[in-house]
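Scroll down for the structure; my scribbles are underneath it.
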Amino acid sequence: MIFHEQQLLDKELDPYRVLKKKVGLVPTMGALHEGHLALVKKSVAENEITVVSIFVNPTQFDNSKDLQKYPRTLDEDSKLLRSLNAKILIYAPQPDDLYGNKVVSKRYSFGGLEKQMEGKFRSGHFDGVGTVLNLLFRAIRPDQAYFGEKDFQQLQIVRKLVEIEKLPINIVGCPIYREPHGLAMSSRNKRLSQVEFDKAGFIFETLQWVRSNFSDKSIPELQKIVQQKFKENNYLELEYFEIANIKNLIPAKRKRKRNKYRAFIAAFAGEVRLIDNMALN
Ligand code: PAF
C-alpha cells in the first residue's frame, strides 16, 4: 500500500503501536535494488510491519544536477516490494508532507563525524540526512530502522542522531550488497553506461588489495599506491581514499592495534559519483 500523507499512514500504524507490535523502517530514496531488498527482508523478519520510505530528499544534495538526475522509479519500486508478499507499507511523500512549507535543513553537530570524508566533499549533506531522518523517525516512530554499510559514515551518523534527538530507535547496520564483479549496489549505478559499470569493479578490487596489504604496509604507503592505481585508470577519477578509525572516522596516519579500521573510497565514473568501503581488521 502506498501512502503519500503522514496522516493516513499514521492511522494504519496506530493499531500496531497500541498493541506494542514492532514497526520497522527502511528509509530509501527509491530506485530500489537487491541491497535495499535485503534491508527490507531483514526488517520483515524482525518486525510485525515494515514501512519503506521512498523520498528523494532535496536538502541532502549539494549539487542540483545530481538531485535532478537521481533516478525516480516509484512504480517499479512498489512492484518489487509487493513481490515480497509481506506486510510492507510504502511512504512516498511530497516534500511539504514531511517538511511543512520550509524545505530546509536543521544544523547538526555529530561530534565531528560529519566533518570527515563525505562531509568534506558534500557541504551540508549530513545536515540534510539528519533532518530528513529526524522527520521520518518522528512521523513513523519505528522500533528499528535499517541502513546499509555502503554508507558507513551515514550509518555512524544516524546512530549519533538518535542519541542527540533522544529517539528510542534501534539502528541496524547491514552488510554491503555487491554486483558479481564487486561494485557496491547503489541506485546511482542505474546512471552508469555499460563500460562505466564494468570498469567500476576496480573500486572493489582496490579495496580488496588494501585489505590484503593492510598488515604489511604503512598507511602512507597504501595511500600512495592507491592514488597511483587511480591515476593509471582511465575510467575512474578518485575523489578521496582514506583509512579511518571506525569509531570517530578520523583518517589515520598510523595503525594502532586496539583500533578497528575501514578503507573508504569516493570516485567518479563519468558524471556518476560512487562510494564504497571495506573493513580492514
Ligand atoms: O541512504 C539514503 O538513501 C538516504 O541518505 C536516506 C537515508 C534515505 C536519507 O534520505
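Order of listing sets the numbers, starting from 1, for every ligand and every atom in it. Along the sequence shown, residues are numbered consecutively beginning with 1. The figures that follow rest on heavy atoms only: side chains count, while hydrogens, waters and symmetry mates do not.
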Between the side chains of [X] and [Y], does any donor sit under 3.5 Å from an acceptor?
| X | Y | value |
| --- | --- | --- |
| Q60 | N57 | yes |
| D97 | Y91 | yes |
| N47 | Y146 | yes |

Relative to the heavy atoms of [X], which atoms of ligand 1 are at a distance of less than 4.0 Å?
| X | result |
| --- | --- |
| Q60 | 4 (C), 5 (O), 9 (C), 10 (O) |
| Q154 | 1 (O), 2 (C), 4 (C), 5 (O), 7 (C) |
| M29 | 3 (O), 4 (C), 8 (C), 10 (O) |
| V132 | 9 (C), 10 (O) |

Q. For the residue pair F214 and Y261, does the interplanar ring angle fall in the parallel (under 30°), tilted (30 to 60°) or perpendicular (over 60°) class?
A. tilted
Q: Report the relative orientation of the aromatic rings in Y70 and F61; use parallel for angles under 30°, tilted for 30 to 60°, perpendicular for over 60°.
A: perpendicular
Q.
If I apply the N/O under 3.5 Å rule, does T28 come out as touching ligand 1?
A. no
